[in-house]
Amino acid sequence: MNDLESLADRWPADERAARAVQDELRGRVVLDEPGPRPGTGLVTGVDVAYDDTRDLVAAAAVVLDAATLDVVEESTAVGRISFPYVPGLLAFREIPTVVAALAGLAAGPGLVVCDGYGLAHPRRFGLASHLGVLTGLPTIGVAKNPFTFAYEEPDAPRGSTAPLLDGEEEVGRALRTRDGVKPVFVSVGHRTSLDTACAWTLNLTPKYRQPETTRRADALCRRALAEAQEGAPRT
DNA sequence: GCGACAG
DNA sequence: ATCTTGTCGC
């Protein structure tokens, strides 16, 4: 277990140090496990909302029953912004508060679904992989944008896919979750396969483009941020 | 050097 | 991410 204070203490102070952390930790990503069976057990969505002007960040973790998509448990955490947004270094901005929210859960989270990328990353160590290595949990990343990667448009029906490419390398998959709607971009985080990650994403999108996990976590962290702003009106 | 760039 | 109204469509 990583206690939160040591996590904060070791947090990189600048971009160079952050990239060094990624280079050091990426070797710990586990890629030879298939991952939790899609649609079974628990699945947890995590997301973060910011108020840069007040230096506030709120994270949420929402646990769903994978079979019914009913909410089983919710947890939030509020903190100070620990890093600026830098493409490729998103994890350093989101992870401390996300880890705090996960730590507040009574139940084991099961699979963790992140709003962003895992292996699909300039150094193959995006948010989902980083969170997985720090917590030991199986993780996947489901992003709304292709970032710097290339892809061909998947066919129109829900479930269609196309490789997400960094040059010749497939780093993830563009996955259509709704007929005729812009795809989402799925990548492996930690301890899951890409097929598993895509199957989970389809299970989590019976009605909307975005996974139910992400939608629930997004709504909850916004609420938590709003409440934190009421509690700390001035800056 | 310039532009692009998860959230 | 966040700032923001109405509007088109199932």
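Note that these values count all heavy atoms, side chains included, but never hydrogens, waters or copies made by symmetry. Proteins come first, then strands; the chains are lettered A, B, ... in the order of their sequence lines, and each starts at number 1.
Residue contacts for A:R222: at a heavy-atom cut-off of 4.0 Å it reaches the sugar-phosphate backbone alone, with no base atom in range. Looking at heavy-atom distances under 4.0 Å, A:A120 makes no contact with the nucleic acid at all. Within the nucleic acid shown, A:L89 comes within 4.0 Å of at least one base atom, counting heavy atoms only. Within 4.0 Å of A:G141, counting heavy atoms only, lies no atom of the nucleic acid at all. Across all strands, A:Y50 comes closer than 4.0 Å only to sugar-phosphate atoms, never to a base (heavy-atom distances).
Judged by distance alone, the side chain of A:R158 and the main-chain N or O of A:T205 form a donor-acceptor pair under 3.5 Å. In this structure, the side chain of A:H190 engages the main chain of A:V30 through a donor-acceptor pair within 3.5 Å. Using modelled atom types, no side-chain atom of A:S187 and backbone atom of A:G172 make a donor-acceptor pair closer than 3.5 Å.
Checked against the 6.0 Å centroid threshold, A:H121 and A:F147 do not count as a close aromatic pair. In summary, the aromatic rings of A:F185 and A:Y151 are positioned with their centroids under 6.0 Å apart. A distance below 6.0 Å separates the ring centres of A:W11 and A:F92.
Side-chain contact of A:T53 with A:D51: a donor-acceptor pair under 3.5 Å is present, judged by distance alone.
Protein chain A contacts DNA chain C from C:dA1 to C:dT2, reading 5' to 3' and using non-hydrogen atoms of the protein with a distance under 4.0 Å. For DNA chain B, the outermost nucleotides in 5' to 3' order that have an atom under 4.0 Å from a heavy atom of chain A are B:dC5 to B:dG7.
Within a 6.0 Å radius of CZ in A:R37, no more than 12 heavy atoms belonging to other residues, nucleotides or ligands are found.
Here A:R93 pairs with A:D52 in a salt bridge; the nearest charged N to carboxylate O distance falls below 4.0 Å. Between A:R176 and A:D179 there is no salt bridge, since no side-chain N of the basic residue sits under 4.0 Å from a carboxylate O of the acidic one. Here A:R215 does not pair with A:D115 in a salt bridge; the nearest charged N to carboxylate O distance is not below 4.0 Å.
In DNA chain B, no run of at least 3 consecutive Watson-Crick or G-U pairs with both distances below 3.5 Å is found.
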